[in-house]
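For reference, the structure is listed below as structure tokens.
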Number of protein chains: 2
Amino acid sequence: MTVASKTVSDVIHSHFGVLTRAEKQLAESLLDNYPVSGLGSITTIAENAGVSTPTVVRMVQKLGFKGYPDFQAHLHQEVEATISNPIAKHDRWASNAPGTHILNRFADAIIDNLRQTLTGLDTATFDSVATLLSDRKRNLYFVGGRITGALAEYFFTHMQVIRPNTALLSANSSSWPQYVLNMNPGDLLIIFDIRRYEQELVSLATAAKNSGAEIIIFTDQWASPATKLARHTFRVQIEAPSAWDSSVVTLFIVEALIEAVQNSTWDETKERMKTLEGLFEQTRLFRKLG
Amino acid sequence: MTVASKTVSDVIHSHFGVLTRAEKQLAESLLDNYPVSGLGSITTIAENAGVSTPTVVRMVQKLGFKGYPDFQAHLHQEVEATISNPIAKHDRWASNAPGTHILNRFADAIIDNLRQTLTGLDTATFDSVATLLSDRKRNLYFVGGRITGALAEYFFTHMQVIRPNTALLSANSSSWPQYVLNMNPGDLLIIFDIRRYEQELVSLATAAKNSGAEIIIFTDQWASPATKLARHTFRVQIEAPSAWDSSVVTLFIVEALIEAVQNSTWDETKERMKTLEGLFEQTRLFRKLG
DNA sequence: CGCACACTGAAAAAATCTTTTCATGACAGT
DNA sequence: ACTGTCATGAAAAGATTTTTTCAGTGTGCG
């Protein structure tokens with residue numbers, strides 16, 4: 001196909017000589033603010049150029065396109081190419097791996113997840129959550145499902161070092177009521193609920209909310225039903241070339257939050273970490289002596 | 001106009017919670033490769049998303065647009081804005097964030113870690129480990145440190161579904177000897193040991209090796225001392241703009257391994273997952289009856 | 001001046017796109 | 001099990017866009 005390799009702009013330029021007066025006028029209009037000016041309907045661009053619609057049809061056919069829709073399809077492709085993903089998706093990852101190795105496919109998927117998640121993530125939300133988590137007066141409760149429990153634990157372990165008043169709810173829901181019993185207004189319940197949303201988590205969230213607790217949810221693009229109860233929601237892209245979902249991006253956000261919280265109260269945290277160091281030392285000593 | 005100031009993407013995200021299944025599907029399709037995917041006719045985008053055209057109309061109206069043409073006009077404006085502003089192209093991460101937001105700095109760091117880790121990772125090692133983990137005759141033992149315990153748990157939880165003979169060693173080292181006692185030659189001990197290498201893990205690894213177990217280690221670029229005892233080592237880049245190390249890439253490798261193992265024995269795994277589904281169902285039933 | 005030819009846009013026709021209507025099916029609550 | 005509600009897409013109706021037709025206009029040339 002002669003048209004395929006060249007840009008529409010090239011085609012217009014190369015045909016400029018054979019264009020009639022009205023067509024030239026149209027071409028000028030198209031080239032001005034190219035390629036966006038060609039995005040609308042034939043009626044629109046005809047009006048913008050001050051020519052009739054038949055003129056548009058005649059010109060695009062003269063340029064070698066089948067008709068206006070064909071012309072526009074080419075333009076769309078160009079727009080896509082112009083806007084397309086700036087993160088070099090096919091950057092040589094593991095250089096000694098064949099392109100289809102699972103590691104590479106996974107890497108592509110994760111990058112894509114990361115990009116999409118970040119695009120859809122409001123930094124204001126992130127900052128608000130970080131501020132809430134930094135408030136030491138609020139008790140923090142972490143809970144996850146069967147798979148996401150490990151993420152809840154990871155988050156909890158770090159926050160426990162950084163600040164007081166943190167708790168990890170076990171995966172077993174039978175112990176949850178006791179925690180809810182102790183929740184005060186302003187406390188935070190951080191829920192991880194992905195894919196197979198667990199009905200019990202909705203119940204937990206409802207109960208917590210009734211106690212005045214605020215709810216923060218990490219969920220997937222399809223959104224857990226508990227989302228309705230949440231003050232803040234992180235919608236994470238979890239697609240992976242696998243039968244399982246990917247938690248990589250969720251972990252990414254968790255780590256970023258950890259840093260944000262820690263950073264906002266660094267002096268205090270530093271003290272706590274020193275103390276913790278000392279405690280570890282003592283434990284080790286105990287063992288040696290014992 | 002309320003819609004005018006926000007991007008279409010924002011509007012979609014903010015309404016995501018109230019969208020129905022088909023609408024979410026459509027929203028996903030639109031957001032994927034946004035905003036180019038919304039350039040075509042309503043028929044085209046409905047087809048691409050696998051929904052009907054009425055669904056498209058209903059959704060855009062739900063989002064606050066007057067109709068599809070109105071929706072598309074907004075999209076065109078955005079495309080125009082994006083194209084005419086080349087700087088916007090370069091930070092399509094969290095597009096509403098200043099370049100120095102922690103999320104962006106973290107994203108950069110993670111991408112870098114991923115790239116470096118994959119460059120230094122031999123796919124042959126990966127494949128060998130996947131093969132070892134797929135061998136159901138070998139018992140699998142997972143163990144992690146204080147922070148990495150969650151990763152060990154995550155790995156364990158998945159492998160437990162995929163295959164029999166898996167065990168998670170608690171963070172508390174006092175129970176370890178019993179596990180070692182039961183290790184047979186050929187069994188696998190998967191160790192997560194990052195940064196503050198825990199001396200006890202070396203002891204564990206030594207004991208396990210004496211029992212004939214093979215050792216697989218996830219560690220950082222400085223390498224845990226237990227590495228010497230390992231048959232296979234994953235050296236992961238863990239740098240982050242934070243006081244803490246990042247486990248994101250480690251999790252990435254874990255997930256890729258999960259998929260590789262699962263994939264190598266899919267038929268068997270599928271059966272197991274079905275059975276598990278049934279068991280969950282029963283548990284739920286028990287609860288309702290009880 | 002008259003004729004031939006090409007250019008152009010109004011208007012009609014054809015094609016396509018957009019919206020509305022409506023029947024169906026799924027599902028939650030009683 | 002029954003009922004009402006909601007989501008969904010097929011199909012019809014409506015609106016718009018695209019293409020074609022065709023008549024009017026202008027220009028060049030004998």
Side-chain angles (χ1 to χ4, degrees), chain A residues 8 12 15-30 37-76 196-203 205-206 221-229, chain B residues 8 12 15-30 37-76 281 284-285 287-288:
Chain A
V8 174
I12 294 177
H15 286 70
F16 207 86
V18 300
L19 297 183
T20 66
R21 195 214 84 236
E23 286 168 352
K24 280 181 180 161
Q25 191 177 326
L26 170 61
E28 289 293 348
S29 169
L30 245 26
S37 42
L39 249 37
S41 71
I42 195 172
T43 321
T44 314
I45 70 160
E47 265 174 23
N48 285 345
V51 301
S52 66
T53 56
T55 301
V56 180
V57 174
R58 281 189 290 261
M59 190 187 79
V60 300
Q61 286 175 349
K62 199 185 269 185
L63 295 181
F65 300 96
K66 219 184 140 201
Y68 185 73
D70 183 35
F71 169 79
Q72 204 170 42
H74 282 262
L75 225 39
H76 282 174
R196 331 260 144 155
Y197 311 113
E198 307 189 23
Q199 187 55 41
E200 290 164 332
L201 283 174
V202 177
S203 312
T206 310
Q221 60 259 53
W222 301 284
S224 153
T227 303
K228 294 190 205 54
L229 301 163
Chain B
V8 174
I12 293 177
H15 285 71
F16 206 90
V18 301
L19 297 183
T20 65
R21 180 193 55 76
E23 286 168 352
K24 280 181 182 167
Q25 192 176 325
L26 169 62
E28 282 303 325
S29 167
L30 245 26
S37 42
L39 250 36
S41 73
I42 194 172
T43 320
T44 315
I45 71 159
E47 263 173 26
N48 286 345
V51 301
S52 64
T53 55
T55 299
V56 180
V57 175
R58 280 189 290 259
M59 190 187 79
V60 299
Q61 286 176 348
K62 200 185 265 186
L63 294 181
F65 300 96
K66 223 186 137 198
Y68 185 73
D70 183 35
F71 169 79
Q72 201 169 44
H74 281 263
L75 225 39
H76 282 172
E281 201 52 49
R284 219 168 290 153
L285 218 57
R287 255 178 228 152
K288 268 184 192 159

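It should be emphasised that the depicted structure is a prediction, and the values quoted were computed from it without experimental measurement. In what follows, every chain begins at residue 1, and chains take the letters A, B, ... in the order their sequences are listed.
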* In terms of the nearest nucleotide of DNA chain C, which residue is placed more toward the 5' end: R21(A) or I42(B)? ->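 So the residue in question is R21(A).
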
* **Nearest-nucleotide comparison on DNA chain C, the residue closer to the 5′ end among K62(A) and P54(A)** =>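 Checking each residue's closest nucleotide, the 5'-ward one belongs to K62(A).
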
* Asked: Counting just side-chain N and O atoms, does Q61(B) come under 4.0 Å of either OP1 or OP2 of dT18(C)?
  ->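 Looking at the OP1 and OP2 atoms of dT18(C), neither is under 4.0 Å from any side-chain N or O of Q61(B).
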
Quick check for you: to the nearest 0.5 Å, what is the distance between [X] atom [atom1] and [Y] atom [atom2]?
{"X": "L75(B)", "Y": "L39(B)", "atom1": "CG", "atom2": "CG", "value": "6.5 Å"}
{"X": "H76(B)", "Y": "T44(A)", "atom1": "NE2", "atom2": "OG1", "value": "9.5 Å"}
{"X": "L63(A)", "Y": "D70(A)", "atom1": "CG", "atom2": "CG", "value": "11.0 Å"}

Separation of atom [atom1] in [X] from atom [atom2] in [N], rounded to whole Å:
{"X": "F65(B)", "N": "dT18(C)", "atom1": "CZ", "atom2": "C1'", "result": "16 Å"}
{"X": "K66(B)", "N": "dT19(C)", "atom1": "NZ", "atom2": "P", "result": "10 Å"}
{"X": "M59(A)", "N": "dC7(C)", "atom1": "CE", "atom2": "P", "result": "14 Å"}

* Asked: Excluding sequence neighbours, so at least two apart, what forms ring pair (Phe, Tyr, Trp, His ring centres under 6.0 Å) with F16(B)?
  ->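 For F16(B), no residue satisfies ring pair (Phe, Tyr, Trp, His ring centres under 6.0 Å) once neighbours in sequence are set aside.
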
* Partner of M59(A) under side chain to side chain contact (heavy atoms under 4.5 Å, CB included), chosen from V51(A), T20(A), L19(A) ->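 Going through the options one by one, the only one that passes is L19(A).
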
* **Given DNA chain D, 5'-ward residue of the pair G40(A) and G50(B), judged by closest heavy atom** =>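 In this pair, the answer is G50(B).
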
* Closest heavy-atom contact between A27(A) and I12(A)? ->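 Between these two residues, the closest heavy atoms are CB-CG2, 3.8 Å.
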
* Tell me what T53(B) touches on the nucleic acid: a base, only sugar-phosphate, or nothing, going by heavy atoms under 4.0 Å. =>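 Result for T53(B) = base.
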
* Nearest to the side chain of S41(B) - dT8(C), dT19(C), dC17(C)? ->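 Of the options given, the side chain of S41(B) lies nearest dC17(C).
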
* Positional range of nucleotides in DNA chain D within the contact set of chain B, heavy-atom, under 4.0 Å ->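 So the outermost contacting nucleotides come out as dA7(D) to dA11(D).
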
